[in-house]
Amino acid sequence: MFKLRKEEKPLALVAFLVFALQNALTIYKYHNLFTRVGFRGYWVLFHEIFHVSGYDAYSCIYLSNGKIYYELSRHPLFGPLLAPFYWLNDAIIKHFDFNAAIYIMAVLLTLCATLSAVLLFRILRSQIGLKLVDALALTALLFSFASIMLAVMLPDHFCFSLLLLILT
């Protein structure tokens with residue numbers, strides 16, 4: 001199911017590069033701020049300073065200190081999904097005095113967004129039966145919407161939800 005088909009490889013490469021570039025822009029904007037360790041607490045750092053309307057950086061708070069500040073009943077799988085990455089970031093913080101939460105989220109978001117694009121393309125091609133050009137156009141159209149572009153580059157749960165919805 002997760003093996004790339006021949007016609008999906010160019011799409012996967014382009015999607016990966018686009019999403020990696022989008023996440024690189026987020027890292028560029030917030031690197032000096034979000035890689036700090038213990039700056040007046042992570043709540044202040046990620047919630048009070050990070051302002052993108054409709055998006056929050058609760059995942060970065062969780063990756064930084066292991067505390068959940070979002071409604072757990074609304075996102076019950078998000079904590080267990082991020083737990084191994086919290087342990088990784090905790091080890092990085094202890095050994096290097098560097099908070100890698102924004103980098104870890106960038107990698108996860110890039111991978112989830114790329115997989116979402118490939119799976120959507122696969123559904124359009126194999127299940128709906130669209131021509132190659134039409135499936136590529138619709139996949140590009142979905143990921144060109146501003147709300148989707150923001151979801152795949154900001155440290156929130158929406159990109160994970162997109163992947164799970166496409167899988168469903």
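- Cluster annotation: Ile128 and Leu167 are assigned to the same hydrophobic cluster (Ile/Leu/Val/Met/Phe/Trp/Tyr, side-chain heavy-atom contacts under 4.5 Å, transitive).
- Remark: the backbone N or O of Ala91 is paired with a side-chain donor or acceptor of His95 at under 3.5 angstrom.
- Thr114 approaches Phe16 most closely through the heavy-atom pair OG1-CA, 3.4 Å.
- Annotation for Ser144 and Met149: closest pair O-SD, 3.4 Å, computed over non-hydrogen atoms.
- Separation of atoms CG (Leu164) and OG1 (Thr168) is listed at 6.5 Å; rounding is to 0.5 Å.
- Nearest approach of Ile166 to Ser116, heavy atoms of both residues: CD1-O, 3.6 Å.
- How far CD1 of Ile27 is from CD of Gln22: 12.5 Å, rounded to the nearest 0.5 Å.
- Residues Thr35 and Asn99 bring no donor and acceptor atom of their side chains to less than 3.5 Å of each other.
- Contact between Pro155 and Ile102 at its shortest, heavy atoms only, is CG-CD1, 4.4 Å.
- Aromatic rings from Tyr58 and Phe78 are positioned such that their centres are separated by 6.0 Å or more.
- Hydrophobic clustering, with ILVMFWY side chains joined whenever heavy atoms are under 4.5 angstrom apart, keeps Leu13 apart from Leu11.
- Without hydrogens or angle criteria, Arg125 side chain to Leu130 main chain gives a donor-acceptor distance under 3.5 Å.
- Leu141 and Leu136 fall into different hydrophobic clusters, defined by Ile, Leu, Val, Met, Phe, Trp and Tyr side-chain heavy atoms under 4.5 Å apart, directly or through other members.
- Under the 30°/60° scheme for interplanar angles, the aromatic rings of Tyr103 and Phe98 are found to be tilted.
- Taking OG1 of Thr139 as the reference point, atom CG of Asp134 lies at 10.5 Å (rounded to 0.5 Å).
- Val133 and Ile123 fall into different hydrophobic clusters, where Ile, Leu, Val, Met, Phe, Trp and Tyr are joined by side-chain heavy atoms under 4.5 Å apart, directly or via other members.
- Ring to ring, Phe143 and Phe19 are close: their centroids are under 6.0 angstrom apart.
- Arg36 places a side-chain heavy atom less than 4.5 Å from the side chain of Leu33.
- Contact between Leu63 and Leu82 at its shortest, heavy atoms only, is CD2-O, 3.7 Å.
- The CG atom of Leu25 lies 5.0 Å from the CG atom of Leu21; values are rounded to the nearest 0.5 Å.
- In terms of hydrophobic clustering, with Ile, Leu, Val, Met, Phe, Trp and Tyr side chains grouped at heavy-atom distances under 4.5 Å, Val107 and Leu154 are assigned to different clusters.
- Taking the side chain as every heavy atom from C-beta outward, Ile104 and Tyr86 never approach each other to under 4.5 Å.
- A distance-only check finds a donor-acceptor pair linking the side chain of Asn23 to the backbone of Val152 [under 3.5 Å].
- With contacts defined as side-chain heavy-atom distances shorter than 4.5 Å, the pair Met153/Cys159 does not qualify.
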Verdict with supporting geometry, Phe158 and Tyr55, ring pair (Phe, Tyr, Trp, His ring centres under 6.0 Å): CA-CA 9 Å; Phe158 295 118; Tyr55 297 88; 5.3 Å; yes

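- Under the 4.5 Å side-chain criterion, counting only non-hydrogen atoms from C-beta, Phe121 is in contact with Leu132.
- Looking at Phe160 and Leu77, their side chains never come closer than 4.5 Å, going by heavy atoms from C-beta outward.
- Listed for the Gln127 side chain is no donor-acceptor partner under 3.5 Å among the backbone atoms of Leu124.
- For Ser64 against Asn89, the heavy-atom pair with the smallest separation is CA-ND2, 3.7 Å.
- In this structure, the side chains of Leu163 and Leu119 come closer than 4.5 Å at one or more pairs of heavy atoms.
- In this structure, the side chains of Ser59 and His157 stay at 4.5 Å or more apart for every pair of heavy atoms.
- Atom CG of Leu150 sits about 10.5 Å away from atom CG of Asp156, to the nearest 0.5 Å.
- Taking CG from Leu162 and CG from Leu120, the interatomic distance works out to 8.0 Å, rounded to the nearest 0.5 Å.
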